[in-house]
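Worksheet for the structure shown next.
Below, each value reflects all heavy atoms present in this structure, side chains not excepted, and no hydrogens, waters or symmetry copies. Residue numbers begin at 1 in each chain, while the letters A, B, ... track the order of the sequences.
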Amino acid sequence: MKNSKYKIRKGWEYRFIYKNGRRKSNRFFVLYYIKNNLGYSRFGISASKKLGNAVKRNRVKRLIREVIRLRDDIKGMGMDIVLVARDGMLGIKFKDADEAFGNLIKHLGA
RNA sequence: UAAGUAAGACAGAUGAUCGCCUCGUCAGUUAUGACGGGGAGGAAAGUCCGAACUCCAGAGGACAUGGUGCUGGGUAACGCCCAGUGGGGGUGACCCUAAGGAAAGUGCCACAGAAAAUAAACCGCCAGGAAGAUGCUAUGCAUCUUCCUGGUAAGGGUGAAACGGCGAGGUAAGAGCUCACCGCUCCGUUGGCGACAAGGGAGGCACGGUAAACCCCACCAGGAGCAAGACCAAAUAGGAAAACGUUUCAGGGUAGAAAUAUCCUGAUGAAGGCCUGUCCGGCCAAGGUUUUCGGGUUAGGUCGCUUAAGGUUCCGGGAAACCGGGAUCUCAGAGGAAUGAUCAUCGCCCCUUCAAGGGUAACCUGAUAGGGGAACAAAACUCGGCUUAUUUCUUACUUAGUCC
RNA sequence: UGGGGCGUCGACAAGCGGUAAGUCACGAGAUUUUGGAUCUCGCAUCCGGAGGUUCGAAUCCUCCCGCCCCAG
């Protein structure tokens, strides 16, 4: 139960963020973000059917979760963030994903 | 050594650090924390079959629709499995097999071919007759050509397929016309639970193919599906169930003095709804009154939800699938969905390097070091199968080559 | 999760046991000074894939692959 409040779960929440949020991207993923008023950040991960079968999609989602887990700075920002995986994520290592995510969120605080 | 066939096993291991899901215990008003247990597969996949479970519908019958289709067994059940029979393939180990009925009926069989199914007769073959030509030993005979009548189905040619095959006899030419062998049909015998097999006798050729064409026969199927369904909660809204009662008209009967009440028949309402394919057959009744208090909806919650046709192991029965009994274990149950990340060591495979060994040589084996790689694939109610994807290995067997 | 449908040339498509229609596009030629328009000719041979039934399969059967739609 303790993690469920950090998750974005409902379809209309995703649609709201896609429509009203800002967007950044590189070849590994697309990042949508918008300020919320909760005092903590919430995350959603999307891996579409284009990426491959269930095993590949799960692998990608786990990598993204691990990347987020190890970055405490972003959790206190008070943002709703959706990460959409692109097919560049297939077959990469944790280090590359972490580096790419770091570059993407570098200037997010402002 | 190479190629192959059949069974079976595995799905890298261990440790450290940081995390995820869930259950139990304890602490806590909650949020949560601590400790302990558990946490994807052989296919979890495709969703192609079969069940369990749940709700709906059930008087009954007939038809339709769909499925299955050699025999015997196994199973909760199956289109699955085991064993066998027939047929087919392979040198072989072995594999494949939708394998009932074409003498119940209907349809189809393009092109080619004379003819594609009650047989028929194009080129032919043979006999008789007529006409003509030629020759000769000349009122005739022989040969050839054309026509007519008849007998044939051997041969030719077409086709995927041509009304038994092949050989001999027989004949004017031929023909199961006769005979042997094979095939076919019928009737006994023996073996087998049976599919069927073996062998015998008789008949005398009759019966083309196609049923994954319609169909016939035998057997099996009610429908939907865990988002099934059950309960709780709040808000909104005013509905739901039961009982009473129940359209109009015409004719007739009964009670009554009559008004009227009630019953029957027909039409109308009614070309309705329900009986979850259709029909027969059956059932129901709008509005209204009375009584009762529930019913529906929902990005809510709980249950269903994992102790089961269960796993492991031992014994017994059976040729096997499988069955019976004993012991023992509890082993994911979740929100759009939890198993990951980093590092180390060992093991496996590949490439490069090269100490050393073998060989006349090409080359082969390979300590060490470095680098790279490790398949297919994620539970969504649960089981039994099938199908498809896919890594590494073991055992047995077959064929071929070489050596002893 | 359950149910239903479709794959035929580059595009749209007909054919549903007997030689794979047609339109547009494309290529070649004719016509024209050139282009367009017009005319003639050509263009599937692996009918999504693999097996099977049949003498013969795009068509019938089985299993896969891809795409689309519907219910909640």
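Base orientation of B:C331: syn, the glycosidic angle falling within 90° of 0. Here B:G251 is in the anti range [glycosidic angle more than 90° from 0]. The glycosidic torsion of B:G176 lies within 90° of 0, placing the base in the syn range. C:U45 has its base anti relative to the sugar, with a glycosidic angle deviating from 0 by more than 90°. Taking syn as a glycosidic angle within 90° of 0, B:G74 does not qualify and is anti.
Base pairing of B:G135 is made with B:C141, judged by Watson-Crick or G-U wobble geometry with both donor-acceptor distances under 3.5 Å. Taking a pair to require two hydrogen-bonding distances under 3.5 Å in either a Watson-Crick or a G-U wobble arrangement, B:G8 pairs with B:C393. When both pairing distances are held under 3.5 Å, B:G72 makes a Watson-Crick or G-U pair with B:C82. The partner of B:G174 is absent, by the rule that a Watson-Crick or G-U pair needs both atom distances under 3.5 Å. The base-pairing partner of B:C53, taking Watson-Crick or G-U wobble contacts with both distances under 3.5 Å, is B:G225. Figure legend. B:U254 is base-paired to B:A261; pairs are counted as Watson-Crick or G-U wobble with both atom distances under 3.5 Å. Figure legend. B:G15 is base-paired to B:C343; pairs are counted as Watson-Crick or G-U wobble with both atom distances under 3.5 Å. Pairing of B:G128, defined by two Watson-Crick or G-U wobble distances under 3.5 Å, is identified with B:C148.
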Writing each nucleotide of RNA chain C 5' to 3' as (, ), [, ], | or . by Watson-Crick or G-U pairing under 3.5 Å yields ((((((((.[[[..)..(...]]].(((((.......))))).....[[[[[..)....]]]]]))))))).
Dump every N/O contact between nucleotides 374-379 of chain B and the protein below 3.5 Å, one line per pair.
from	atom 1	to	atom 2	distance (Å)
B:A378	OP2	A:Ala54	N	3.3
B:A378	N7	A:Asn58	ND2	2.9
B:A378	N6	A:Arg62	NH1	2.8

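Residues passing the side chain to side chain donor-acceptor pair (under 3.5 Å) test with A:Glu66, sequence neighbours excluded: A:Arg69. In terms of the side-chain contact (heavy atoms from CB on, under 4.5 Å) criterion, residue partners of A:Val55 (sequence neighbours excluded) are, by chain and number, A:Asn53. Under the side-chain contact (heavy atoms from CB on, under 4.5 Å) criterion, A:Arg22 pairs with A:Tyr33, sequence neighbours left out. Among residues two or more places apart in sequence or in another chain, the side-chain contact (heavy atoms from CB on, under 4.5 Å) test is passed with A:Asn58 by A:Lys61, A:Arg62.
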Using the side-chain contact (heavy atoms from CB on, under 4.5 Å) rule, take A:Phe101 and A:Leu83 through it: C-alpha gap first, then chi angles, then the decisive distance, then the call. CA-CA 10 Å; A:Phe101 186 68; A:Leu83 278 156; 3.9 Å; yes
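Nucleotides B:C346 and B:A367 have their P atoms positioned 15 Å apart, rounded to a whole Å. Separation of the C1' atoms belonging to B:G340 and B:A224 is 42 Å when rounded to the nearest angstrom. Across the C1' atoms, B:U352 and B:U394 are found 32 Å apart, a figure rounded to whole Å.
Counting only heavy atoms from C-beta outward, the side chains of A:Ile64 and A:Phe43 never approach each other to under 4.5 Å. Side-chain contact between A:Phe29 and A:Val84: absent, with no pair of heavy atoms (C-beta onward) separated by less than 4.5 Å. Taking the side chain as every heavy atom from C-beta outward, A:Leu31 and A:Asn26 never approach each other to under 4.5 Å.
Residue-to-nucleotide proximity on RNA chain B shows that, of A:Leu63 and A:Ile45, the 5′-proximal contact is made by A:Ile45.
Atoms NZ (A:Lys61) and C1' (B:G19) sit 18 Å apart, rounded to a whole Å. If you measure from atom CD1 of A:Ile64 to atom C1' of B:C20, you get 16 Å, rounded to the nearest angstrom.
If you check every strand for non-hydrogen atoms under 4.0 Å, A:Arg57 touches nothing.
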